[in-house]
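Have a look at the structure below, then the notes.
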Amino acid sequence: MNVIPRDQHCISRKNISDSALKVMSRLRGEGYQAYLVGGAVRDLLLGGHPKDFDVATDATPEAVHTLFRNSRVIGRRFRIVHVRFGREIIEVTTFRGHHDSDERSGAQPGDHRSRQSASGRLLRDNVYGTLEEDAVRRDLTVNALYYDAGTFEVIDHVHGLADLERRSICVIGEPGLRYREDPVRMLRVLRFAAKLGFDIDRDTAAAIPDCAQLLADIPAARLFDEFLKLFMAGCAAATLELLLQHNLLRFLFPDTSDCLERDPAALALVRAAMANTDQRIAQDKPVTPAFILAALLWPVASARAQQRQECGEPAMLAMHNASQQSIAGAARHLSIPRRFSQPMREIWEYQLRLQRCHGRRAAELVDQRRFRAAYDFLLLREQAGEDTGQLGQWWTRFQELPLEQRLREASAKGKPGNRKTRTRRSRSAV
Ligand code: ATP
Ligand code: MG
């Protein structure tokens, strides 16, 4: 064990949330151990601002709950306690211990032991233990550092500090075994490598190809949660590259992954969408998963729509049906909530509507709820090199006009500019 005293690290209490300090001090006051842990310690050591503060303790979830009126016990796979202070939630986890499989430990359903599936995946993991046991059960060495707000020391059982210094993402223990316990750890490795700009340790990366297939068994709801963390944290572009490099995108978006392999134009679009999202997050502009999902699945939906049109379906119907089909296909792997799938469909269908630059409908389109997202999406397609006949430029100017003038222009005979859309090199429906 490596204990780093206060004068040898850069963590200062003034960068730690008051609520987290309160929780830890209360637990210590009751005779329990309490440490800041995980991403918060990692980010503080890197000089950043943690987005949330997690606490680890030797108090059981029930004991923590009793101590804090403003708390709730949540979770099944891992029972944890949320202590709420206004809008801030401090997550308190009890030290986890070593686990045995059911057979070996003779665990009964409902008891406080862990359970594994046939492939070694942890199904339930509520065995409590010591700080050291808790440290080695965490995923990455850089995520397993503990800060004691009483003594101001950092405790490192897994060479996390050394890995922080050499900027390396390294799984604790034997990577193959850790991935089999929880295949989502492979996605976490890529996520943190992208977020922190770290390299991936050789053995940590080398075990991925053999274990990747295990991601196919992860419930679609958990994969959707992970998708949000991968793509909505401000480093979607870097994450995408790592997912492609390590061949894991196919477990989140198998159809997209196929399209990207075949079609450089589709890859350009998805890359542009990621860069655009990161830029918006950096500028504090709102981003919605619907837009990213629309971009990720556009190559699939537009190719399908094209095929349907070739079989004689009218363009709008083809797009409508292709959208349904593509979303249903994607939802088998990633459970996309309706509040996102509906706007995705609308963004896609608008790509057709935006081609009509005359008549009352065009003039009124600008005021529709989905116009902005659809227009941004059109610009993205152009930015990625798709030839839309300068449609984006036309809408850029047109939307600025007052409604009356729009109506006048849109009903005028000769259409302004050349907006005839040419079929692009790739297989796009519009
Ligand atoms: P972020 O800044 O994204 O919140 P984080 O490190 O806090 O980063 P969380 O997903 O909030 O990440 O998880 C909190 C901590 O719980 C991690 O730092 C890690 O120690 C542990 N952890 C989370 N998921 C796993 C997992 N699948 N296997 C092992 N440990 C995990
Ligand atoms: Mg966290």
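Atoms within a ligand are numbered from 1 in the order they appear, just like the ligands themselves. Hydrogens, waters and symmetry mates are skipped; everything else that's a heavy atom, side chains included, is used. Numbers here are sequence positions counted from 1.
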Are [X] and [Y] close enough for a salt bridge, meaning some N to O gap below 4.0 Å?
| X | Y | answer |
| --- | --- | --- |
| Arg185 | Asp139 | no |
| Arg381 | Asp387 | no |
| Asp376 | Arg372 | yes |
| Arg138 | Asp134 | yes |

Taking heavy atoms and a distance under 4.0 Å, where does [X] meet ligand 1: side chain, backbone, both or neither?
| X | answer |
| --- | --- |
| Lys51 | side chain |
| Asp52 | side chain |
| Thr93 | neither |

Protein contact of [atom] - nearest heavy atom, named by residue and atom, plus distance:
| atom | value |
| --- | --- |
| atom 19 (C) of ligand 1 | Asp139 OD1, 3.3 Å |
| atom 6 (O) of ligand 1 | Arg42 NH1, 3.0 Å |
| atom 28 (N) of ligand 1 | Arg185 NE, 2.8 Å |
| atom 7 (O) of ligand 1 | Gly39 N, 3.4 Å |
| atom 14 (C) of ligand 1 | Asp54 OD2, 3.5 Å |

Give a yes-or-no answer on whether the side chains of [X] and [Y] include a donor-acceptor pair shorter than 3.5 Å.
| X | Y | value |
| --- | --- | --- |
| Ser323 | Glu349 | no |
| Ser168 | Asp199 | no |
| Ser326 | Arg304 | yes |

Out of [options], whose heavy atom sits nearest [atom]?
| atom | options | answer |
| --- | --- | --- |
| atom 22 (N) of ligand 1 | Arg188, Lys195, Arg138 | Arg188 |
| atom 18 (O) of ligand 1 | Asn143, Leu140, Ile172 | Asn143 |
| atom 3 (O) of ligand 1 | Lys229, Arg191, Arg137, Arg178 | Arg191 |

Residue pair Arg28, Gln33: steps toward the side chain to side chain contact (heavy atoms under 4.5 Å, CB included) verdict: CA-CA 6 Å; Arg28 278 200 314 274; Gln33 301 176 48; over 6 Å; no
Whether Arg280 side chain and Ala282 backbone form a donor-acceptor pair below 3.5 Å: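 Here the side-chain-to-backbone pair does not exist.
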Element-labelled atoms of ligand 1 that are located less than 4.0 Å from some non-hydrogen atom of Gly38: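 So the answer, numbered in order with elements, is 18 (O).
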Atoms in ligand 1 with a heavy atom of Asp182 nearer than 4.0 Å: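 Heavy-atom distances to Asp182 below 4.0 Å select 26 (C), 27 (N).
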Phe192 N/O under 3.5 Å from ligand 1 N/O: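 Phe192 vs ligand 1: no N/O contact under 3.5 Å.
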